[in-house]
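Working notes, structure below.
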Amino acid sequence: MSSATEGKTNFIYTLINKDLEEGKNNGEVHTRFPPEPNGYLHIGHAKALLLNYKIALDFNGKFNLRFDDTNPIKEEQMFVDSIIADIRWLGIDWEERLFFSSSSFEAKFAFAERLIKAGRAFVCDLTPEEIREYRGTLTESGKESPYRNRTVAENITLFARMRSGEFQNGARVLRAKIDMSSGNLNMRDPVLYRILHAHHHRTGDTWCIYPMYDFDHPFTDVLEGITHSLCSIEYSDHRPLYDWVVENALELMPEICKYRSQQNEFARLNMTYTVLSKRKLRRLVEEGFVHGWDDPRMPTIAGLRRRGVTPAAIADFQERVGVARADSTVDLALFEHCLREDLGKTALRMMAVLEPLKVVITNWPLGKIELLELENMPDEKTAGTRLVPFGREIYVEAEDFMEEPPKKFHRLTPGQEVRLKGAYVIRCEEIIKDTAGKITELRCTYDPLTKSGEDESGKKVKGVIHWVEIQHSVKATVRLYDSLFSKENPEDEETDDFTANINPNSLITLTNVFVEPAIAQAPAGSRFQFIRKGYFYLEVNDASKGELVFNRTVVLKDTWAKINK
RNA sequence: UGCCGGGUAGUGUAGUGGUAGCACAACGGCCUUUGGAGCCGUACGCCCAGGUUCGAACCCUGGCCCGGCAGCCA
């Protein structure tokens with residue numbers, strides 16, 4: 001046991017430690033992350049990815065990035081690119097070990113030939129429908145293919161002819177000769193190769209036969225020297241077949257197969273208020289419920305990135321979630337906690353008024369602007385300070401004023417003073433309304449003795465609100481994101497269609513937002529805490545177009561909202 | 001009802017024969033120029049029933065409940 005793994009206790013670390021004690025694979029630990037390039041990575045993939053990566057780190061081993069590209073019909077180079085970008089962004093380093101299953105198709109073909117020669121594989125002419133019928137059912141055993149006893153020579157010839165392109169898609173397959181009466185369907189002479197006349201994004205038209213996952217994956221693991229091949233629970237039933245392939249690889253291809261790779265399964269991630277299946281995410285995109293795979297409401301890595309989520313928060317989340325074999329659904333609140341924790345110690349505090357209410361401070365001299373020095377992070381002095389202009393006309397948050405406040409409302413009311421954050425204490429003297437009775441402006445007075453940091457008034461006000469001086473403020477657009485679904489579990493509940501549970505308020509766009517001038521100087525990609533409102537990601541800052549767009553990453557914890565319920 | 005896997009606070013996860021812990025959430029309080037952060041505290045759990053044992057979350061037996069599997073997908 002290495003000291004690096006102390007403190008981490010999960011069944012995978014336990015089994016790896018045991019393997020190490022037993023001296024398996026020369027005491028090496030080598031993991032991999034094997035995405036299929038047919039879609040975008042999401043937070044569930046990040047769990048698997050980081051798990052594999054950290055195992056390699058913790059056990060002083062190696063980690064490979066490998067694209068499982070054995071099905072040219074579904075896979076595209078575009079996804080290879082996006083997946084690589086996402087994994088890089090997460091901070092994963094695969095060093096020089098970027099691999100593609102398709103790179104070793106030739107070795108796999110040779111392995112298949114040896115299986116044939118060993119009498120352990122055969123070319124089968126049954127149609128797909130017939131193969132299904134012959135396979136039997138969950139409760140009845142299958143029956144052997146009439147082609148099962150072809151001679152080695154005939155099989156070799158037919159397999160070569162499959163490769164050379166003589167047959168149409170689906171005409172023939174190569175199958176393993178295992179056991180048609182096995183209780184495990186995967187062992188009932190599984191298909192190893194199928195004919196697919198399709199252009200592959202890497203091998204082009206070199207091949208018209210492609211290996212199946214169950215044949216390709218274990219063999220590739222062995223080739224790459226993977227010691228621990230982690231996958232999700234639904235592959236448990238495939239493990240005997242995985243082992244069958246590994247055993248045969250070791251026996252029949254000893255010149256290139258040295259490692260006894262082993263598969264172990266863990267439960268995939270589920271989270272409340274979202275869906276994590278490629279099929280469902282695809283529906284959200286294709287049916288226009290979101291604006292694309294990288295919509296900030298999507299649980300995709302690309303979406304989370306635009307949302308303002310940090311790689312550190314994702315990594316922290318992955319560790320806290322842990323890993324086990326039991327099905328589980330993690331509370332979204334845990335993810336949000338990880339976000340706030342990371343952002344809380346890295347994001348500068350700034351002021352922005354999302355829904356402005358004009359306040360005129362009647363006893364402030366006309367035209368006078370005072371520059372106030374505010375801390376960028378109150379709990380972290382090294383983050384420094386900035387100057388914030390203050391003047392006669394400011395905006396405050398509309399919700400921070402109430403004419404007839406409920407009990408415990410600590411903000412601005414006709415009878416109650418509040419402090420403007422980093423500035424002065426003000427009192428509301430007059431409410432201006434339009435003809436409809438809507439409040440359009442407040443007339444307030446300030447107390448000159450209450451300047452922040454040099455208060456001589458002795459006043460103890462309960463409330464502190466944020467504000468922005470109008471003249472120097474910068475207008476911005478803010479996208480308020482909330483969870484995409486309004487139900488903890490979007491997929492059960494009474495409806496049979498998860499899209500019925502989409503949160504109609506998952507995106508609210510505010511275009512009349514005013515931010516303090518310092519924020520407008522920041523480059524796109526910056527993250528801020530808007531005081532009292534939440535964490536925001538500056539997605540676009542294009543001065544030439546006057547465009548300033550923020551995405552809300554996560555709200556602050558809100559005790560008042562809770563009291564109010 | 002074939003094969004495989006799984007059930008520890010609300011959620012997630014430790015603990016593999018010796019006082020059931022941790023985190024998030026919840027609740028109460030303190031503190032606060034963010035109703036943020038921080039601090040202190042409270043409550044809640046071994047699926048059930050038998051058995052073995054001085055002693056069982058852990059071992060045995062029998063139930064119950066949940067998940068996966070019949071692509072030439074991965």
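Reminder, nothing fancy here: chain letters follow the sequence lines and each chain counts from 1.
Put simply, A/His217 does not rest on the base of B/rA74: the two rings are not both less than 5.5 Å apart at their centres and under 30° in tilt.
Dashed line: the shortest gap from a side-chain N or O of A/Arg135 to OP1 or OP2 of B/rC72 is under 4.0 Å. The shortest distance between the side-chain N/O atoms of A/Arg340 and the OP1/OP2 oxygens of B/rC24 is not below 4.0 Å. For the OP1/OP2 pair of B/rG35 and a distance below 4.0 Å, the side-chain nitrogens and oxygens of A/Lys408 include no atom meeting the criterion. Between A/Lys562 and B/rA26, a side-chain N or O to OP1/OP2 separation shorter than 4.0 Å is present. Applying the 4.0 Å criterion to OP1 and OP2 of B/rC24, one finds that A/His337 has a side-chain N or O inside that range. OP1 and OP2 of B/rU11 both lie 4.0 Å or more from every side-chain N or O belonging to A/Thr272. Regarding contacts with the backbone of B/rU13, a side-chain N or O of A/Ser328 is found under 4.0 angstrom from either OP1 or OP2. For B/rG71, one of the phosphate oxygens OP1 or OP2 lies less than 4.0 angstrom from a side-chain nitrogen or oxygen of A/Arg132. Contact annotation: A/Arg239 does not reach the phosphate of B/rC4 (side-chain N/O to OP1 or OP2, under 4.0 Å).
Nucleotides B/rU13 and B/rU8 place their P atoms 8 Å apart, quoted to the nearest Å. Nucleotides B/rU52 and B/rU61 place their P atoms 15 Å apart, quoted to the nearest Å. Nucleotides B/rG36 and B/rC24, compared at atom P, are 16 Å apart to the nearest Å.
Taking every side-chain heavy atom of A/Asp327 into account, B/rG67 is the closest of B/rG71, B/rG67, B/rU34.
Side-chain contact between A/Arg386 and A/Asn376 is present, with at least one heavy-atom pair separated by less than 4.5 Å.
Interatomic distance, CH2 of A/Trp244 versus CD1 of A/Ile178, reported as 4.5 Å (0.5 Å rounding).
Each salt bridge (charged side-chain N to carboxylate O under 4.0 Å, His left out) pair with one or both residues in residues 342-352 of chain A, not counting sequence neighbours, would appear here, but there are none.
Annotation: cation-pi pair A/Arg202/A/Phe100 present, NZ/CZ under 6.0 Å from the ring centroid and within 45° of its normal.
Applying the Watson-Crick and G-U wobble criteria (two distances, each under 3.5 Å), B/rC24 pairs with B/rG10. Using Watson-Crick or G-U wobble geometry with both donor-acceptor distances under 3.5 Å, B/rG17 finds no partner in any strand shown.
Distance A/Asn169 CG to B/rC73 C1': 15 Å, rounded to the nearest Å.
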